[in-house]
Every structure is written in C-alpha cells, then in structure tokens.
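Side chains included, hydrogens not; waters and symmetry mates left out as well; all remaining heavy atoms used. It should be emphasised that the depicted structure is a prediction, and the values quoted were computed from it without experimental measurement.
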Amino acid sequence: PFEGVAWTPRPPQGPPQGCFACIAKPPALRQASPVLSPSSAVYLMESKSCKGNSLRPAVPCKHSVEKKTMTNPTTVIEIYPDTTEVNDYYLWSIFNFVYLNFCCLGFIALAYSLKVRDKKLLNDLNGAVEDAKTARLFNITSSALATFCIILIFIFLRYPLTDY
C-alpha cells in the first residue's frame with residue numbers, strides 16, 4: 001500500500017542531552033488523528049532526508065534553567081556519635097558494690113551505671129554522658145575511700161595503738 005516508502009534506521013545521535021528527569025521520561029507523542037489515511041501516515045514516517053524527529057519534537061530541558069540558577073547546592077548529613085562510645089562503668093560499679101561498698105557509694109555508682117545503659121538504648125546520648133560522668137565520680141570516690149580504709153586497717157593491725 002505504501003510504495004516508495006522505506007523504513008530506515010536512524011543513526012545514533014550520541015548521549016541524550018538534559019537532566020536525568022528529562023531523559024528518563026520521554027516527551028509525549030503528538031496527538032495523531034484517530035483515523036489515519038495512507039497519505040497522512042506518510043507524514044508520520046521518516047523519509048531518508050529527514051534528520052529531525054517527526055514524532056517527538058525537540059523540547060528543551062525544563063530543568064536546565066533551574067540548574068543555572070542553583071549556584072551552590074549543598075547536602076547536609078547529620079552524623080550522630082556511636083552509642084557504644086559512652087562508657088557505662090558497669091563492671092567497675094559491680095566490683096565496688098560487692099567488695100568496696102563504702103557508705104553505699106558502690107550501690108549509687110551501680111544505679112547510675114544502669115541508668116547509662118537505659119539511656120543508651122533510648123538514644124539519649126546527652127543524658128547517658130552525664131550519668132556516665134556521675135557513675136565514674138561515685139566509682140572513683142568509693143574505690144579511693146575503701147582503699148584508704150583498708151590501708152588504715154592494715155596499718156593499725158601491724159602497729160597496734162597499745163605500743164604508743
């Protein structure tokens with residue numbers, strides 16, 4: 001029915017121009033008439049001399065204007081510290097509670113160590129750091145006072161007061 005009309009493949013035109021949003025979505029085809037006559041179908045076919053796209057008109061990228069106006073796009077990435085970096089002093093608190101519980105300071109240190117673990121699970125890093133400092137302070141105080149008392153006991157056992 002279409003004598004003299006030949007389909008020829010187009011030569012590759014190189015990489016498509018425009019942004020990814022425009023390349024990924026091809027432009028809409030022109031609305032053709034519902035009933036095509038053979039003479040109007042010839043218009044939609046490409047001839048050998050046609051270098052343009054008769055079905056898809058060249059539409060400039062609508063994002064190219066936006067790219068020119070955006071001079072310095074920035075991306076903000078929030079990096080949160082790892083929750084395992086907060087030390088909870090749990091083993092030291094258990095040792096102080098069991099062996100060196102001077103005036104219940106080991107028990108208080110153990111309570112704060114458990115609070116640190118709970119706050120780390122809830123991602124409350126500021127509260128976990130504060131409670132870790134408090135647990136460390138109570139552990140140092142309990143260890144120092146208990147060690148001082150043990151040294152005094154050994155001194156008094158070695159040198160009783162009756163010798164003076």
Pairs involving residues 105-132, ordered by first then second residue, that meet ring-ring contact (aromatic ring centres under 6.0 Å, His included) (sequence neighbours left out): Phe97-Phe107, Tyr112-Phe138
Should [X] and [Y] be counted in the same cluster of Ile, Leu, Val, Met, Phe, Trp and Tyr side chains packed under 4.5 Å apart?
X	Y	result
Val86	Tyr89	no
Leu114	Ile94	yes
Val98	Phe102	no

Who pairs with Asp88 by side chain to side chain donor-acceptor pair (under 3.5 Å), at least two apart in sequence or on another chain? Arg117
Could I get the full list of salt bridge (charged side-chain N to carboxylate O under 4.0 Å, His left out) partners for Lys119, not counting sequence neighbours? Asp131
To the nearest 0.5 angstrom, please state how far the [atom1] atom of [X] sits from the [atom2] atom of [Y].
X	Y	atom1	atom2	result
Asn101	Leu145	CG	CG	12.0 Å
Asn123	Leu125	CG	CG	6.0 Å
Asp124	Asp118	CG	CG	11.0 Å

If we only count heavy atoms from C-beta on, is the Lys120 to Val116 side-chain gap below 4.5 Å? yes
Can you list everything that forms a ring-ring contact (aromatic ring centres under 6.0 Å, His included) with Phe148? Sequence neighbours excluded, please. none
Tell me, please, which residues at least two apart from Phe95 pass side-chain contact (heavy atoms from CB on, under 4.5 Å). Tyr99, Leu100
Tell me the side-chain hydrogen bond (donor to acceptor under 3.5 Å, both in side chains) pairs involving residues 138-148, sequence neighbours left out? Trp92-Ser143, Ser93-Asn139, Asn96-Asn139, Asn96-Ser143
